[in-house]
Amino acid sequence: MGKKIYVGNMGPKADQASLQALFSVFGKVEKAYIVTDRQTGQSKGFGFVEMSSDAEAQAAITALDGKNCGGYTVKVNEAKAKG
DNA sequence: GTTGAGCGTT
């Protein structure tokens, strides 16, 4: 089963496709979701990714957490909510 | 804006 990942500080440039592309390097991305303000539609700069396996997810977390991506130091961690 | 959203509920 997949594992969910929190991805923060991505900046306004990030979208669902780029998020998925980024994590696809480490495995199959089941879902990628950018959180936006529901009322304004503006990106909150963070989102979630679900990998098809926990091993892939963990590899992605380890590789990407704290990494400068597109000018932003992204924060990547296992998601805690909405499991 | 370090954790999504539905639905208005346990």
Side-chain angles (χ1 to χ4, degrees):
Chain A
M1 304 298 284
K3 171 162 268 185
K4 287 189 177 174
I5 306 166
Y6 163 84
V7 189
N9 195 40
M10 291 183 287
K13 170 185 177 226
D15 60 6
Q16 188 271 337
S18 61
L19 185 59
Q20 178 170 341
L22 181 63
F23 279 79
S24 288
V25 175
F26 301 94
K28 176 73 191 315
V29 175
E30 297 289 351
K31 304 294 179 193
Y33 181 81
I34 297 289
V35 177
T36 52
D37 187 301
R38 192 169 148 280
Q39 298 173 58
T40 67
Q42 296 174 39
S43 173
K44 291 187 180 178
F46 69 93
F48 296 89
V49 173
E50 184 173 351
M51 304 293 290
S52 78
S53 80
D54 62 341
E56 291 170 347
Q58 197 56 57
I61 291 169
T62 301
L64 296 174
D65 186 33
K67 181 166 188 169
N68 187 307
C69 189
Y72 293 86
T73 302
V74 295
K75 297 182 178 182
V76 185
N77 216 346
E78 181 178 348
K80 298 184 206 169
K82 308 275 177 154

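Chain A is the first sequence line, chain B the second, and so forth, proteins listed ahead of strands; every chain is numbered from 1.
Under the side chain to side chain contact (heavy atoms under 4.5 Å, CB included) criterion, A:Q20 pairs with A:Q16, A:S24, A:V29, A:A32, sequence neighbours left out. Looking at residues two or more places apart in sequence or on another chain, you find no side-chain hydrogen bond (donor to acceptor under 3.5 Å, both in side chains) involving A:T73. Qualifying side chain to side chain contact (heavy atoms under 4.5 Å, CB included) partners for A:T62, counting only residues two or more places apart in sequence or in other chains: A:Q58. With sequence neighbours excluded, the residues satisfying ring-ring contact (aromatic ring centres under 6.0 Å, His included) with A:F46 are A:Y6.
For the pair A:I61 CD1 and B:dT2 C1', the interatomic distance rounds to 14 Å; values are reported in whole Å. Distance, A:Y72 OH to B:dG1 C1': 14 Å, rounded to whole Å. Summarising the geometry, the separation between OH on A:Y6 and P on B:dG1 is reported as 9 Å, rounded to the nearest angstrom. Between the CG atom of A:D37 and the P atom of B:dT3 there is a distance of 12 Å, given to the nearest Å. Taking atom CG of residue A:L64 and atom P of nucleotide B:dT2, one finds them 20 Å apart after rounding to whole Å.
Within the structure, salt bridge (Lys or Arg N to Asp or Glu O under 4.0 Å) pairs that include any residue of residues 64-79 of chain A comprise A:K3-A:E78 (at least two apart or interchain). Residue pairs satisfying the salt bridge (Lys or Arg N to Asp or Glu O under 4.0 Å) criterion with at least one member in residues 40-64 of chain A, sequence neighbours excluded, are absent.
Taking CZ of A:F48 as the start and CG of A:L19 as the end, the distance is 10.5 Å to the nearest 0.5 Å.
On a pure distance criterion of 3.5 Å, no polar donor-acceptor pair joins the side chain of A:K80 and the base of B:dT3.
Interface residues of residues 43-58 of chain A facing DNA chain B, ordered by number: A:S43, A:K44, A:F46, A:F48; criterion, heavy-atom separation under 4.0 Å. Scanning residues 9-26 of chain A for heavy-atom distances under 4.0 Å to DNA chain B yields an empty list.
The gap from the P atom of B:dT9 to that of B:dG4 amounts to 16 Å, rounded to the nearest Å.
Side-chain contact between A:F26 and A:V49: absent, with no pair of heavy atoms (C-beta onward) separated by less than 4.5 Å.
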